[in-house]
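To keep things clear, I will list the structure first and then write my remarks on it.
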Amino acid sequence: MNRALALIKASHPEPGGAVTVAMTLLAVGTGHRGWAIPGIFLAVGATQLSVGWVNDWLDAPRDRVAGRLDKPIAAGAVSRRTVGIAGLIASLAVPLLALPFGLRPMLILSVAGVFALLYDWPLKSTVFSVVPYLVAFGLLPAFVIIALPGHPAPPAWLVAAGALLGGGAHFANVLPDLDDDAATGVRGLPHRLGAAGSSAAAAFLLLSATLTLVFGPPGPPSWSGWSAAAAAVVVLPLGWYGMKRSTGRRVAMFRAVIVVALIDVLLLITSGFVV
């Protein structure tokens, strides 16, 4: 693996890319046009690169102890210093990329980025590890709405749905690494609940997010809303079953979370939501 690919892998491109694409689709669905669409993509993408690179920079010593050869720094594919510098640049880029949308959108996205970094340190190994996810994921869709012309206030159900999605993603995202984290002293809320408890928490929060998106907007739920709710009810148990059947790292539930998160965003886009 060359250094550029290793650096991309160190950013956690799968979850980061999913969040960035989801917020860009939300921007399109809520009325952003022209330069604003790539602007949202770059600004949100910077938050995801920031948290991913800083996470791997901080975790490098633990990853080496755990023998995590799937992590580029621990595998020697890229230096810890390079990843740390990339994380710093991405963090500083967040407010600069958000500023063209206005002061309030810039402040909201910056706060979301700060809370994301608070997960990397110091909250990752505490019972409060879910808090940065709840706050940051609630603020991301708020940023997309407030960045619209006229800076409209985001509806409460949208912020709540984002927070629930973030909380569910946290529990599922940690599932593949529970054993390695435990061996190196990481004791966040999912580690305290264990695999079964974290899977249940992820499923509950994500199903709650789906139902919030179905019943939150004004008017009766659409056929696409009911379809999305049904899909979530099917996908989440399949992810849980795949996790139970797996003898390796628990990735099935994590991937189910990504699928449900994208279903929720597509539900929002097709629901006729108008600010």
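Everything numeric here is computed off the predicted structure, so don't read it as measured data.
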Atom pair [atom1]/[atom2] of [X] and [Y] - distance to nearest 0.5 Å:
X: Thr212; Y: Leu158; atom1: OG1; atom2: CG; result: 10.5 Å
X: Leu213; Y: Leu165; atom1: CG; atom2: CG; result: 6.5 Å
X: Leu97; Y: Ser110; atom1: CG; atom2: OG; result: 10.0 Å
X: Met23; Y: Leu109; atom1: CE; atom2: CG; result: 11.0 Å
X: Asp59; Y: Asn55; atom1: CG; atom2: CG; result: 4.5 Å

Is a donor on one side and an acceptor on the other found under 3.5 Å between the side chain of [X] and the backbone of [Y]?
X: Thr210; Y: Leu206; answer: yes
X: Lys9; Y: Ala4; answer: no
X: Thr20; Y: Gly16; answer: yes
X: Ser198; Y: Pro190; answer: yes
X: Arg3; Y: Ala77; answer: no

**Request:** Decide yes or no on side chain to side chain contact (heavy atoms under 4.5 Å, CB included) for Arg62 and Val65, but give the supporting numbers first.
**Result:** CA-CA 5 Å; Arg62 287 196 296 262; Val65 170; 5.6 Å; no
Determine whether the aromatic ring centres of residues [Y] and [X] are separated by less than 6.0 angstrom.
X: Tyr133; Y: Phe171; result: no
X: Phe215; Y: Trp226; result: yes
X: Phe101; Y: His151; result: no

Flag side-chain contact, heavy atom, 4.5 Å: [X] against [Y]:
X: Val44; Y: Thr47; result: yes
X: Asp63; Y: Ile73; result: no
X: His12; Y: Asp56; result: yes
X: Leu118; Y: Pro122; result: yes

**Joint cluster assignment, Leu123 & Val114, ILVMFWY side-chain distance < 4.5 Å** =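 Yes, one cluster joins them.
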**Asked** Do Ile146 and Met106 sit in the same hydrophobic cluster, where Ile, Leu, Val, Met, Phe, Trp and Tyr count as joined when their side-chain heavy atoms come under 4.5 Å apart?
**Response** no
**Prompt:** Checking ring-ring contact (aromatic ring centres under 6.0 Å, His included) for the pair His170/Phe137: CA distance, chi angles, key distance, verdict?
**Reply:** CA-CA 10 Å; His170 171 51; Phe137 276 79; over 10 Å; no
**Item:** Partners passing salt bridge (Lys or Arg N to Asp or Glu O under 4.0 Å) against Arg64 (at least two apart in sequence or in another chain)
**Value:** none
**Item:** Criterion side chain to side chain contact (heavy atoms under 4.5 Å, CB included) on Trp53 and Leu88, from CA distance to verdict
**Value:** CA-CA 8 Å; Trp53 278 327; Leu88 176 62; over 6 Å; no
**Request:** In sequence, state the C-alpha distance, the side-chain angles, and the governing distance for Thr24 and Val21, and then conclude on side chain to side chain contact (heavy atoms under 4.5 Å, CB included).
**Result:** CA-CA 5 Å; Thr24 304; Val21 170; 5.6 Å; no
**Request:** Provide the full list of side chain to side chain donor-acceptor pair (under 3.5 Å) pairs with a residue in residues 73-95, sequence neighbours left out, each pair given once.
**Result:** Ser50-Ser91, Ser79-Thr82
**Asked** Hey, is CH2 on Trp35 packed in by over 12 heavy atoms from elsewhere, all under 6.0 Å?
**Response**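 Yes, the 6.0 Å shell around CH2 holds more than 12 heavy atoms from other groups.
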**Asked** Can you name the side chain to side chain donor-acceptor pair (under 3.5 Å) partners of His32, sequence neighbours left out?
**Response** none
**Prompt:** Can Trp121 and Leu117 be said to form a side chain to side chain contact (heavy atoms under 4.5 Å, CB included), step by step?
**Reply:** CA-CA 6 Å; Trp121 186 88; Leu117 291 174; over 6 Å; no
